[in-house]
Amino acid sequence: MPHHPTDILIAGQWRRGAGEPVDAVDPATGLVLATVHSATAEEVAEAAEAAAKAMAEPAWRDMLAHDRARLLHRIAQLVEEAAPELAAVQTADTGKTLAETRALALSAAGTFRYLAAALETAEDSVTPSRGPYVTMSVHEPIGVVAAINPWNSPVASDAQKIAPALAAGNAILLKPAAWTPLVSLALGRLITRALEEFGLPTALLAVLPGSGRVVGDALVRHPLVARIGFTGGTETGRSIAAIAGEKLVPASLELGGKSPTIVRADADVEQTLAGVLFGIFSSSGQSCIAGSRLFVAREIYDTFVGELVERVRKLRVGPGTDPATQVGPLVHHRHRDSVAAYVDLARSEGARVLCGGSAPQGERYQDGAYYLPTVLDGLANTSRTCQEEIFGPVLVALPYDDEDDLVRQANDSVYGLACGIWTRDLRAAWRIARRIEAGTVWINTYKQFSASTPFSGWKDSGLGTEKGRDAIRAYQRQKSLYWGTSELPLPWAN
């Protein structure tokens, strides 16, 4: 079994955490990969204080934007070079396939590279003068930033917060999920290497694994933390938003989803079947944007869903290290049990289980956190199964009668994260896309992302925006400068 370093990064030092030990478990085998000792609340405070001091050091405080861009480019290079190792660690830690984890590592490198380019070309502005003065709008770092990320795509999620925070000139305290700390620790080692190469204080980054109850709470409540970025569950997001409101600090929240996938009668069947399968069963359904509610035009419902079920039965379930695997194990046995409980709930609500609905049988699967790709139908969109996020390989199929019925059902959700539309009619696609209440809509594709395109959630799916050029500005404060040009005194006292 490969050795996984388990020291955590506190105040610029790699050392054993003083908190409770947490086992990182391979979900494909149930074997313990490593034991990581969590950070304590006191170590969070130590990291925050060291980060604030690091921000005040001239080497970072006075670093010009194009030099920070050079740092980001170097991090991108290191991440890209280490992509095979990062992928292997993430597959072991999360159960994802190696093809997916390698893509996530390269996505992380691309995020650093894109934001380096955005930083190079970011401009402050001279605003139109409305008096005897010149007015300017400039942007400055917020300060110490807390980033709290989930277990499903850690390396890419980490980059989406660390890269804009560093680009903006901040320090950042990262809390990876307790179940999956290893790849975030590996990424942290690459970033500290780059900081050292540039002669910068390594306390600008901390990696603080642990529970939300201890580490997460200490982070969001610490008085030096001036901004919070969170990706995770909606209820936790509400609690963080409340604390941010009390502190009067900005927060961005990427939360849950129950995304609709829409199949019109005129859709290209082959393209749509492949897209629906990918949208829900890639990542074993453990994705906030998973297309978990499938709305199919009634006139093609039976034929389309019948063919879909046949293809779902053929999906290859196995460990992420097997190149043939399409659906890996779920991240943890406890999470697998949660998904199974939702399928039991669906049965009690009257669902028909068209395929799946249980853990796979056989020696290959007996110790892993596996669950078969599952398709359900016979439920109303108002059922709990259709309204609550399951976060697993479970798809609910529902027929619709016309466009108004479709939009009403698709929008009948507390969530508004994503949507997929499959149709040959681009006018209809435009019309439906504009009526859907979601931050991202894919048309004749699904789960495609670009570092250059903003990502946000509506309703209970979140607050604020990640990605895009403005990602850097979200980690900065705006300041207005007025330069008086008149040689006369202000007239009010005359």
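With hydrogens and angles disregarded, a donor-acceptor distance shorter than 3.5 Å links the side chain of R424 to the backbone of D266.
A search for salt bridge (charged side-chain N to carboxylate O under 4.0 Å, His left out) contacts involving D217 returns R221, not counting sequence neighbours. D460 meets the side chain to side chain donor-acceptor pair (under 3.5 Å) test with R238; sequence neighbours excluded.
Residues F449 and W442 place their aromatic rings such that the two centres sit under 6.0 Å apart. Remark: aromatic rings of W151 and H335 are close, center separation under 6.0 Å.
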Candidate pair V215 and V44, rule side chain to side chain contact (heavy atoms under 4.5 Å, CB included), full reasoning: CA-CA 7 Å; V215 178; V44 170; 3.9 Å; yes
Tabulate below the donor-acceptor pairs under 3.5 Å that side-chain atoms of residues 163-171 make, not counting sequence neighbours, or state none.
from : atom 1 : to   : atom 2 : distance (Å)
N170 : OD1    : I142 : N      : 2.8
N170 : OD1    : G143 : N      : 2.8
N170 : ND2    : A165 : O      : 3.1
N170 : ND2    : Y475 : O      : 2.8

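Across every non-hydrogen atom of D405 and Y400, the tightest pair is OD2-CA, 3.4 Å.
With no hydrogens or angles considered, a side-chain donor-acceptor pair links S252 and R227 at under 3.5 Å. Between the side chains of R469 and T121, a donor-acceptor pair is found at a separation under 3.5 Å. A donor-acceptor pair shorter than 3.5 Å can be found between the side chains of S283 and E100.
Distance check: H66 NE2 to H73 NE2 gives 12.0 Å after rounding to the nearest 0.5 Å.
Ion pairing between D404 and R435 holds under the 4.0 Å rule for side-chain N and carboxylate O. Between R193 and E197 there is a salt bridge, since at least one side-chain N of the basic residue sits less than 4.0 Å from a carboxylate O of the acidic one.
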